[in-house]
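These numbers were taken from a predicted model, which means no experiment stands behind them. We count ligands from 1, going down the list as the structure has it; atoms in each ligand are counted the same way.
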Amino acid sequence: MDYLADERKKAEFDVDEMKIVWAGSRHAFEVSDRISKLVANDPGFRKDTRTMLARKELFKNTLRKAAYAWKRIHDLHLSEEEASRLRFYVDEPAYTDLHWGMFVPAIKGQGTDEQQKKWLPLAYKMQIIGCYAQTELGHGSNVQGLETTATFDPQTDEFVIHSPTLTSSKWWPGGLGKVSTHGVVYARLIINGEEHGIHGFIVQLRSLEDHLPLPGVTVGDIGMKFGNGAYNTMDNGVLRFDHVRIPRNQMLMRVSQVTRDGKYKQSDVPRQLVYGTMVYVRQTIVADASCALSRAVTIATRYSAVRRQFGSQNGGPETQVIDYKTQQNRLFPLLASAYAFKFVGEWLTWLYNDVTQRLQASDFSTLPEAHACTAGLKSLTTTATADGIEECRKLCGGHGYLCSSGLPELFAVYVPACTYEGDNTVLLLQVARFLMKTVSQLGSGKKPLGTISYMGKIEHLMQSRCTVQKAEDWLKPSQVLEAFEARAVKMAVSCAKNLSKFTNPEEGFAELSADLVEAAVAHCQLIVVSKFIDKLQQDIPGKGVKQQLEALCGIYYLYLLHKHQGDFLATSYLTPKQAALANDQLRALYTKVRPNAVALVDSFNYTDHFLGSILGCYDGNVYPKLYDAAWKDPLNDSVVPEGYHEYVRPLLKQQLHTAKL
Ligand SMILES: CCCCC/C=C\C/C=C\C/C=C\C/C=C\C/C=C/C(=O)SCCNC(=O)CCNC(=O)[C@H](O)C(C)(C)COP(=O)(O)OP(=O)(O)OC[C@H]1O[C@@H](n2cnc3c(N)ncnc32)[C@H](O)[C@@H]1OP(=O)(O)O
Ligand SMILES: Cc1cc2nc3c(=O)[nH]c(=O)nc-3n(C[C@H](O)[C@H](O)[C@H](O)COP(=O)(O)OP(=O)(O)OC[C@H]3O[C@@H](n4cnc5c(N)ncnc54)[C@H](O)[C@@H]3O)c2cc1C
């Protein structure tokens, strides 16, 4: 029986067409749909006991699943796209994420043609397994501060890789702890006693015969991490080198080279391309944020439609909690954010591909913008997603705290995304640097392009005032864009003015960093809003689909406007009356979306297997499933628990003489 059938009947749009918008294309939808069902129907990919397994058992099971996934990919002759979808729907962090997601891209992006020819075929066939070994015990954010050394030995034509201090131990790389045979290791290059900064080196870590660490290599897992199951399926590792020798041609030499006679040569490509793998992964993390958030929102929306509390009249049913405005005000902005992040993720992938093509043609002009966008949007979307998953847990009341809701594990797996691939605050400071540089160049005749083109309208934006007179005026895209542009430009200019009061700019930057981070957030929010609005300019087929997206877009920007009202009012672009009208419009949009809420989450097309949540299951049959699941918990295997005779019975039977007092 479908307990959500009535909700589904209320939908005012074509859900099948929305599924295609969400997937990105009909082809992408068909691949995702087919592969997600394939995984869901295969008992080899079951994950329902994951939060109950001890670490060793959990990890072994992950190794089994990764091997099984590889076998299925081969047996079914899956394409690269299908294989990547399969790994996604298996939904278990594993060493393979780093192998495919960072080791291979690092070689592709930073290796010469010759190096790619040698290493990539081995990696593609998984005859070697690699990780990305950059972070150390002492330094993660400050990449220039890494201490591992790679010293060129001209006698033997080798680099000597060494960990000179405890803090130089590599610490965190995923897949390193127990599995990787190789790593792209980042180290400080030294030639003839002279330092040349951080470079990547391909280093073999373990024997391909017996998996033992090679001489001079000390390697292991760094231990249990946050949450049950969750990211503990990953072997984040520690690694030390004791004068390990590798051939010279294992330095990744696309950006700079070391010649046989020990000369250091820099190509005409910018040095920052050494950081290229991080830019690539940040872009994929943005594309992934909408998946994690939409998953949590699916659970919270379906459950909110099933759950009833209070409000029964004349013996009738109680109110569905989704009908409370407070619930809508917490839930619907997250639903809207999931769609917003999907579209900004699509755009960022386009931007990344564009910059990659330009780099190949030696056009480096858009690299700073690509860095700022990937860094800023990674920070914005992961922070909002992690907070959003936790909010969804609270939206599900007490039952959200059960592992069977799927939300605790989803949060525990997702929350490190705020830290890895760049701490979110550190990344926003990079955006702020880019903004301050842009403001300082405004008078120089250099026209700001792309996502900072609005800075070119600075004079207009500094003067202009919002013209909204009634709530519906807030539905005009041009009005909304101007409000977000005016806020972003005014916050950036205010920071720049304050910075100019310092004689030492670095000191000023440090002192004003909290304000700078806020200016960076305002800039990134403008990007997300503008890409959502751009999406709505496209031809979107399907009955009612565009209207629903327009409502969600409105909820996204009006919620931000409400939440950051202080910013908008402080920059005098808005009056308090206009801010209040924005809030009226926001409430009206909640009412518009309410009958479509369940259908809007159905449009994500997630299987019950992928959701992994009793509260979010498609049929909404929550209570019997919760009740049955409780009895399946291993603690209920016996009626009398282990330990009763040892620890409880003696308590009950004790002859305490205090009891007689
Ligand atoms: C469960 C969800 C999973 C979702 C994932 C889905 C798919 C992903 C697929 C695969 C991945 C698999 C799993 C992902 C999980 C975990 C993996 C985690 C991996 C890691 O964490 S790897 C380590 C990442 N480390 C960092 O990100 C370190 C952060 N620090 C830095 O980036 C830099 O050090 C810094 C903060 C940018 C500072 O650098 P520094 O050289 O000191 O710089 P500045 O002086 O500030 O800048 C100099 C100059 O260079 C420009 N710049 C800096 N960075 C870049 C860049 N990346 N690209 C281009 N340009 C850059 C900067 O703007 C300055 O320019 P100027 O013009 O001002 O001189
Ligand atoms: C689950 C997980 C997986 C990971 N996988 C990998 C991997 O595969 N490979 C790899 O190499 N690394 C990996 N990492 C490491 C990760 O990239 C780093 O932890 C991350 O870059 C943050 O660096 P840090 O730990 O040095 O934090 P720190 O920089 O020490 O941050 C600590 C605090 O200081 C603040 N801070 C730091 N610098 C500044 C500044 N300049 N201004 C203001 N505030 C500042 C930060 O905001 C933060 O609040 C992983 C980490 C995790 C958690």
*Asks:* Can you figure out which of M436, R282, E421, E369 has its heavy atom closest to atom 32 (O) of ligand 1?
*Replies:* R282
*Asks:* Relative to ligand 1, is Y231 under 4.0 angstrom through side chain, backbone, both or neither, heavy atoms considered?
*Replies:* side chain
*Asks:* Relative to ligand 1, is D97 under 4.0 angstrom through side chain, backbone, both or neither, heavy atoms considered?
*Replies:* both
*Asks:* May I ask you to identify the nearest protein heavy atom to atom 17 (C) of ligand 1, giving residue, atom name and distance to one decimal place in Å?
*Replies:* L98 CD1, 3.8 Å
*Asks:* For R188, is there an ion pair with E147 - N to carboxylate O distance below 4.0 angstrom?
*Replies:* no
*Asks:* Evaluate the ring planes of Y420 and Y231, with Trp represented by its six-membered ring, and classify them as parallel (under 30°), tilted (30 to 60°) or perpendicular (over 60°).
*Replies:* tilted
*Asks:* Go through ligand 1 atom by atom and flag the ones less than 4.0 Å from a non-hydrogen atom of K437.
*Replies:* 66 (P), 67 (O), 68 (O)
*Asks:* Can you tell me the protein heavy atom closest to atom 44 (P) of ligand 1 and the distance?
*Replies:* Q430 NE2, 4.2 Å
*Asks:* Decide, yes or no, whether a salt bridge links D91 with K65 under the criterion of side-chain N to carboxylate O below 4.0 Å.
*Replies:* no
*Asks:* Side chain or backbone of W172 under 4.0 Å from ligand 1, or both, or neither, by non-hydrogen atoms?
*Replies:* neither
*Asks:* Taking 4.0 angstrom as the limit and counting only heavy atoms of G422, give me the atoms of ligand 1 inside it, by number and element.
*Replies:* 26 (C), 27 (O), 29 (C)
*Asks:* Please state which protein non-hydrogen atom is closest to atom 49 (C) of ligand 1 and give its distance, to 0.1 Å?
*Replies:* Q272 NE2, 3.3 Å
*Asks:* So, are E409 and R50 salt-bridged, with charged N and O less than 4.0 Å apart?
*Replies:* yes
*Asks:* Side chains of T277 and Q110: donor-acceptor distance under 3.5 Å anywhere?
*Replies:* yes
*Asks:* Can you confirm whether something in the protein, heavy atoms only, sits under 4.0 Å from atom 22 (S) of ligand 1?
*Replies:* yes
*Asks:* If the criterion is any heavy atom closer than 4.0 Å to an atom of ligand 2, which residues make the list?
*Replies:* L98, Y132, Q134, T135, G140, S141, W172, P173, G174, Y231, N236, P416, T419, Y420, E421, G422, D423, T425, V426, L429
*Asks:* Taking only heavy atoms of V426, which atoms of ligand 1 are found under 4.0 Å from at least one of them?
*Replies:* 36 (C)
*Asks:* Regarding Y264 and S256, is there a side-chain donor-to-acceptor distance under 3.5 Å anywhere?
*Replies:* yes
*Asks:* Please confirm whether H162 and F241 have ring centers closer than 6.0 angstrom.
*Replies:* no
*Asks:* Between V279 and ligand 1, find which residue part has any heavy-atom pair under 4.0 Å and reply side chain, backbone, both or neither.
*Replies:* side chain
*Asks:* Would you call E506 and R433 a salt bridge, taking side-chain N to carboxylate O under 4.0 Å as the test?
*Replies:* yes
*Asks:* My understanding is that we take every heavy atom of each candidate and find the minimum distance to atom 63 (O) of ligand 1. Doing that for R271, H371, H139, which one comes out nearest?
*Replies:* H371
*Asks:* For a ring-ring contact (aromatic ring centres under 6.0 Å, His included) with F88, tell me which candidate from F610, W100, F45, Y606 qualifies.
*Replies:* F610
*Asks:* With a 6.0 Å cut-off on ring centres, are W22 and Y339 close enough?
*Replies:* yes
*Asks:* Under a 4.0 angstrom heavy-atom cut-off, which atoms of ligand 1 come close to Q144?
*Replies:* 41 (O), 42 (O)
*Asks:* For ligand 1, which is the ligand I care about here, please tell me if Y420 has any N or O atom under 3.5 Å from one of the ligand's N or O atoms.
*Replies:* no
*Asks:* Among all protein heavy atoms in this structure, tell me which lies nearest to atom 26 (C) of ligand 1, with the distance rounded to 0.1 Å.
*Replies:* M278 SD, 3.3 Å
*Asks:* Which atoms from ligand 1 have a heavy atom of G140 less than 4.0 Å away?
*Replies:* 28 (C)
